[in-house]
Amino acid sequence: MSYNLKEVMNKPERLAAGHRMCAGCGATIAVRGVLRALHEGDHAVIGNATGCLEVSTFMYPYTAWEDSYIHNAFENAGATLSGVETAYRALRKRGKIAEDETFKFITFGGDGGTYDIGFQSLSGAMERGHDMVYVCYDNGAYMNTGIQRSSATPIYADTTTTPVGSQSNGKMQNRKDLAAIIAEHNIPYVAQTTLTQNFKDMYEKSEKAIYTEGAAFLNIMAPCPRGWRYETSDVMNICKLGVETCYWPLFEVDHGKWILNYEPKKKLPIEDFLRAQGRFKHLFKKGNEDLIVQFQEEVDRRWEDLQYRCAK
Amino acid sequence: MPKKDRLSGNEAVAYAIRQVNPDVMPAFPITPSTEIPQLVSTYIANGQMDTEFIPVESEHSSMSATIGAEAAGARSLTATSSAGLALMWEELLLASSNRMPCVLTLVNRTLSGPININCDHSDGMGARDTGWIQIYAENNQEAYDNFIQAYPIAENKNVHLPIMVCQDGFITSHAVQNIELLDDDTVKDFVGTYEPEEYLLNIGKPVSVGPYSISAYAMEAKKNQEIAMENSKEVILKVARNFERISGRKYGLFEEYRTEDADYIMLIMGSAAGTAKQACDDLREKGLKAGILKLRVFRPFPAKELAEALSGCKCVAIMDRCESYNGNGGPLSMEVCAALFKYRVNTEAVSYIYGLAGRDFTVQHVYDIFEEIDAAVQNGTQVEQYKYIGLRE
């Protein structure tokens, strides 16, 4: 069945309105997009690492989650949901859950809880092959604690632990390529996506991730207006620029096969992506031209590497 | 029919786990508890039980997955020792605050450093304020019996707290003893099936677990947890009475051994109580009115009951297999002294530290301690507080 935006958008919301996430937050859009891919009638248990999403959607005594939901701690969303998924198999085996009732298991974590402190727990859950989807909403820093750098933060970003100053141009290191690292776990399905193209890419990848048996991982670039410093209405445009500059390519690794899902007709210069964000403002000051050149070189190198992997 | 068998403490607990056949067991190996997940895995591999075993990548994840499974509605447990317990510390607090009635079988081992694999109680004592019920075993039989009583205590609706069932590393976990095993059906009937009220996999009744809670609500949650811990005391005793009916073995919050007319009592936990009882018998033959009080339930702490039990003696030697680095004695000693003060029991109390990192604790040490407190009382002198026993010269 071909993708129909109107139809998809009319599906019942599984993250109710009234939560406390910011206007223009990419994470909320990502979560709602992923959950729309659940088939109606299927139950789900949603996991969540500590972060903005958790503290803003489940503040006692209110919950925004229509499905069962569990938040445990910051670094263990992978392990926690692997316990839930195993419980499902155990209770099903013992006849405590009827055969015709289907549960799906999806956990959300920010890049802090996924790339960094929860990396081991994620790796373990993926390697053990639990039938679950781990979704990283990657906004490229520890936003909940106030915009500290993570290993997902792009080079030269201005964060509160890599502040730009007379002796500093922001973060000194390139970001970790987590989707590739998880793909090297040789799990059935890994994909990278973002909020673009009428959410078609994200919807189709979410559905594939949820309905592929075994462990799946989705890395979703989810801009943060506070940390990236953009106008809230610009969120979709920034995602588009991330893709069109090849900073955030759309790809998937389906049972080991690398597939490039989108190739821009004309690859835009990285400045177009950087200029829209206050965290890169210093790169456009006179004398910092070489920093943008370096940034571009790294984007190009990774893009070529991805093209090579997908061409094999 | 019960049967006799020769089993190590780890084997005895694994045997009990097989009989209970819980739904999910995540675990990570660490000496000296490693055998428990190994034996459980072997039972599963041979079709003798069908618990879902999760070979997680760390103890933090074993407790995280245990919480996930328990929240999902599955009867769950894990096993660990020492650094493993230390690594899961954050999660111990989440298990109790989320009111997960899961079980942790702890094989007590010292905490690093220096790294050492042998027994003391620094791991369990380090977790004393995490909101878990803690029950300590003297020997293999008790390790087995305590495990069987664990779920009926934890899952009781007035309790709903996690429970740590502890035995001494190597001394109990690896030494083989003749013990009596209940038959499978008796254990299954005793433990019953787990019927959670609210759980993640409850179809048609979704639930959210693990909220952010603002100050207006969080304090009540903590108080409710404390009330549950208080409630557990009565439940532990009730479960013990029921257990006596199927086993003939009697359990309480603590065991009093020859204390009824004792002038001097040694208060001790775990396997060293066996050594102490032997020495106590020897001293009784020599005419010294010695007695042993073996604390079984450390959490909830039976402060009032202990104060009453110690009220008739002239001096109590409080034995800590754990250093607290507060300059004033071990954790057990601190709590017992506070209980004596609170309930106005004016008994002399001396704090001793023994057996750290597997240091031997012998009957001679027990003789020496009783001799020392006897001499002090007889001569009206003060015994030096907070002493180490068995330290190299």
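Below, chains carry the letters A, B, ... as their sequence lines are ordered, and counting in each starts from 1.
The most heavy-atom pairs under 4.5 Å with chain A, out of B:A71, B:A95, B:P55, B:A216, come from B:P55. Note on A:I46, A:V84, A:V45, A:L81: by heavy-atom pairs under 4.5 Å with chain B, the leading option is A:V84. Ranked by heavy-atom pairs under 4.5 Å with chain A, the list B:G68, B:A72, B:G73 is led by B:G68.
Screening B:I148, B:V103, B:V107 against B:V165 for a side chain to side chain contact (heavy atoms under 4.5 Å, CB included) leaves a single residue, B:V103.
Crowding of B:I214 atom CD1: a count of heavy atoms from other residues, nucleotides or ligands under 6.0 Å exceeding 12.
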field: Criterion side chain to side chain donor-acceptor pair (under 3.5 Å) on A:T159 and A:Q148, from CA distance to verdict
entry: CA-CA 5 Å; A:T159 76; A:Q148 293 80 33; over 6 Å; no
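Using modelled atom types and a 3.5 Å distance limit, the side chains of A:Y115 and A:R175 yield a donor-acceptor pair.
Taking B:F190 as the reference, B:F243 meet the ring pair (Phe, Tyr, Trp, His ring centres under 6.0 Å) condition, with sequence neighbours excluded. Scored by the side chain to side chain donor-acceptor pair (under 3.5 Å) test, A:Y189 finds A:E252 as partners (sequence neighbours excluded). Residues forming a ring pair (Phe, Tyr, Trp, His ring centres under 6.0 Å) with A:Y203 (at least two apart in sequence, or on another chain): A:Y3.
For B:L94, the part lying near chain A is the side chain, with the backbone staying farther off; criterion is any non-hydrogen pair under 4.5 Å. For chain A, the nearby parts of B:L200 are the backbone and the side chain; heavy atoms of each come within less than 4.5 Å. B:V24 touches chain A through its side chain: at least one heavy atom from C-beta onward sits under 4.5 Å away, while N, CA, C and O do not.
Side-chain contact between B:M229 and B:I133: present, with at least one pair of heavy atoms (C-beta onward) separated by less than 4.5 Å. Side-chain contact between A:I106 and A:L38: present, with at least one pair of heavy atoms (C-beta onward) separated by less than 4.5 Å.
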Show me, pair by pair, the donor and acceptor atoms from chain A and chain B that are under 3.5 Å apart.
unit_1	atom_1	unit_2	atom_2	d
A:E54	OE2	B:Y212	N	3.4
A:F58	O	B:Y212	N	2.9
A:Y60	N	B:Y212	O	2.8
A:T63	OG1	B:S208	OG	2.8
A:S68	OG	B:L200	O	2.7
A:S68	OG	B:V207	N	3.0
A:Y69	N	B:V207	O	2.9
A:Y69	O	B:V209	N	2.8
A:H71	N	B:V209	O	2.9
A:H71	ND1	B:G210	O	2.8
A:N72	ND2	B:E91	OE1	2.8
A:E75	OE2	B:H60	NE2	3.0
A:N76	ND2	B:S64	OG	2.8
A:N76	ND2	B:E91	OE1	3.2
A:N76	ND2	B:E91	OE2	2.8
A:R89	NH1	B:E52	OE1	3.2
A:K93	NZ	B:D50	O	2.6
A:K93	NZ	B:E52	OE2	2.8
A:R94	NE	B:D50	OD1	3.4
A:R94	NH1	B:N21	O	3.0
A:R94	NH1	B:P22	O	3.4
A:R94	NH1	B:D23	OD1	2.7
A:R94	NH2	B:N21	O	3.2
A:R94	NH2	B:N21	OD1	3.2
A:R94	NH2	B:P22	O	3.3
A:R94	NH2	B:D50	OD1	2.5
A:Q120	NE2	B:S58	OG	3.0
A:R128	NH1	B:E57	OE1	2.9

